[in-house]
Amino acid sequence: MREIDLHTHTNTSDGSESPENAVLHAKKLGLRAIAITDHDTANGVPAAKAAGEKYGVEVVGGLELGCGWHGREVHMLAYDIDPHNEKLNSTLEWIVTDRDERNRKMVGLMAKDGIRIDLEQLKIEHPGSIIGRPHFALCLIKAGLADSVQDAFVRYLDPGRKYYIRRHFLSVEEAAQLIRGAGGVSVIAHPMQYRLDDEGMTELMERSRDAGVSGIECYYSGYTPEVCAQLKALADAYGFCATAGSDWHGSHKPHIEMGSGINGELNAPYELLAKLRERER
Ligand code: AMP
Ligand code: FE
Ligand code: FE
Ligand code: ZN
């Protein structure tokens, strides 16, 4: 049964739709609950919750944190965090400042190649958004240097590419502790996106379990039934809850639909959320 989507982005980070419109979209799709999981911020949650009351959709307040992992990134989803937690908020502020510094360096690199990006203008164009590489991707498309967001990343913005500059990250352990301290539960997002070998996946599972992570996102846009089954087996082996999320970004990733993914592969029942919440208590 297609009832929930525990991984969605709004224009509070790099999605195209406002929190209210994201919830309205969920309503139109007939979903019972969605989690708002913007990158490094829960600022869209209050508006989404208000919309949830209005439209009769349950809104789970969350966010998605990038964590450092052997020079790369692993993403951690957080659910039901206290938005007023001081440590959480000061850390999120630090992340924004750090990303801003990184953004300025990237703008400098692009300027050397004659690509002019005005950060202040971007902030005006995307009010309330955390400005990051996805916004640079939109600029590169506008400049005719890339065909799509994905294309812009592959050509210019992914690690190792010309304009990539690494920002600073929390470790998986620090992120899990931060989330727990703010009363929330944490889930490892899209475990197959990191292209880990067996040993790497074992390390991710073990360290996440030891850090107090509650779940892994077994059902994700584009994952085949075989991959999902593999992840569900890992979840069972390590005592994690299995969760499901599309990583919906609205028109910024038009191939991904809320609740159903890329080819309708997502069909998450409400039970997955109920089980995660049981863990919380
Ligand atoms: P930033 O934190 O500013 O470095 O940007 C990271 C965000 O860019 C991620 O959370 C994704 O939403 C997006 N992103 C990263 N890699 C890709 C990619 N290959 N294709 C499309 N979006 C990506
Ligand atoms: Fe994103
Ligand atoms: Fe992610
Ligand atoms: Zn995401």
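All values below were derived from every heavy atom in this structure, side-chain atoms included, with hydrogens, water molecules and symmetry-related copies excluded. When a ligand or atom number is given, it counts from 1 through the structure's own listing order.
- At a threshold of 4.5 Å between side-chain heavy atoms, the hydrophobic network of Ile, Leu, Val, Met, Phe, Trp and Tyr places Ile262 and Trp248 in two separate groups.
- Within Asp14, the N/O/S atom positioned nearest the Fe ion (ligand 2) carries the name OD2.
- Glu64 does not count as a contact of ligand 1, since none of its heavy atoms falls under 4.0 Å from the ligand.
- For atom 9 (C) of ligand 1, the nearest non-hydrogen atom from the set Arg167, His9, His39 belongs to His39.
- Using a cut-off of 4.0 Å between Lys/Arg side-chain N and Asp/Glu carboxylate O, Asp100 and Arg104 are scored as not salt-bridged.
- The distance from ligand 1 to the heavy atoms of Gly132 drops below 4.0 Å at these ligand atoms: 3 (O).
- The closest non-hydrogen atom to atom 21 (C) of ligand 1, taken over Met106, Arg99, Gln150, comes from Gln150.
- Scanning all protein heavy atoms for the shortest distance to atom 4 (O) of ligand 1 gives Arg133 NE, 2.6 Å.
- Val45 and Ile179 fall into different hydrophobic clusters, where Ile, Leu, Val, Met, Phe, Trp and Tyr side chains are chained together by heavy-atom contacts under 4.5 Å.
- Considering backbone and side-chain atoms together, His75 places no N or O closer than 3.5 Å to any N or O of ligand 1.
- Between Glu125 and His135, the side chains place no donor N or O within less than 3.5 Å of an acceptor N or O (distance only, hydrogens not considered).
- Within the structure, the closest approach of His135 to ligand 1 does not fall below 4.0 Å when heavy atoms are considered.
- Summarising the geometry of Asp5 relative to Ser246, their closest heavy-atom pair is OD2-OG, 2.5 Å, with the distance given to 0.1 Å.
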| task | Let me see the working for His190 and His7 under side chain to side chain contact (heavy atoms under 4.5 Å, CB included), right down to the final yes or no. | result | CA-CA 10 Å; His190 41 61; His7 190 161; 3.8 Å; yes
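- Leu63 and Tyr79 fall into different hydrophobic clusters, where Ile, Leu, Val, Met, Phe, Trp and Tyr residues are linked whenever their side-chain heavy atoms come under 4.5 Å apart, directly or through other members.
- Looking only at protein heavy atoms, the nearest one to atom 12 (O) of ligand 1 is Asp14 OD2, 2.9 Å.
- Between Glu58 and Arg32 there is no salt bridge, since no side-chain N of the basic residue sits under 4.0 Å from a carboxylate O of the acidic one.
- Which parts of ligand 1 touch Arg102 is read off a 4.0 Å heavy-atom cut-off, strictly below it: atoms 1 (P), 3 (O), 4 (O).
- Listed by chain and number, Glu64 OE2, His75 ND1, His190 NE2 are the protein N/O/S atoms closer than 2.8 Å to the Fe ion (ligand 3), with waters left out.
- Contact annotation: the side chain of Met201 approaches that of Pro191 to within less than 4.5 Å [non-hydrogen atoms, C-beta and beyond].
- Here the heavy atom of the protein found nearest to atom 15 (C) of ligand 1 is Phe153 CE2, 3.3 Å.
- In terms of heavy atoms, Ser186 sits closest to Gly212 at OG-O, 4.2 Å.
- For Asn103, no heavy-atom contact with ligand 1 is shorter than 4.0 Å.
- The shortest heavy-atom distance from Pro134 to ligand 1 is under 4.0 Å.
- Taking 4.0 Å as the cut-off between side-chain N and carboxylate O, Lys105 and Glu101 do not count as a salt-bridged pair.
- A salt bridge does not link Lys28 with Glu17: every distance from a Lys NZ or Arg NE/NH1/NH2 to an Asp or Glu carboxylate oxygen is 4.0 Å or more.
- Close approach of ligand 1 to Asp158 (heavy-atom distance below 4.0 Å) involves ligand atoms 16 (N), 19 (N).
- A side-chain donor-acceptor contact under 3.5 Å links Tyr55 and Glu20.
- Not one N, O or S atom of His9 sits under 2.8 Å from the Fe ion (ligand 2).
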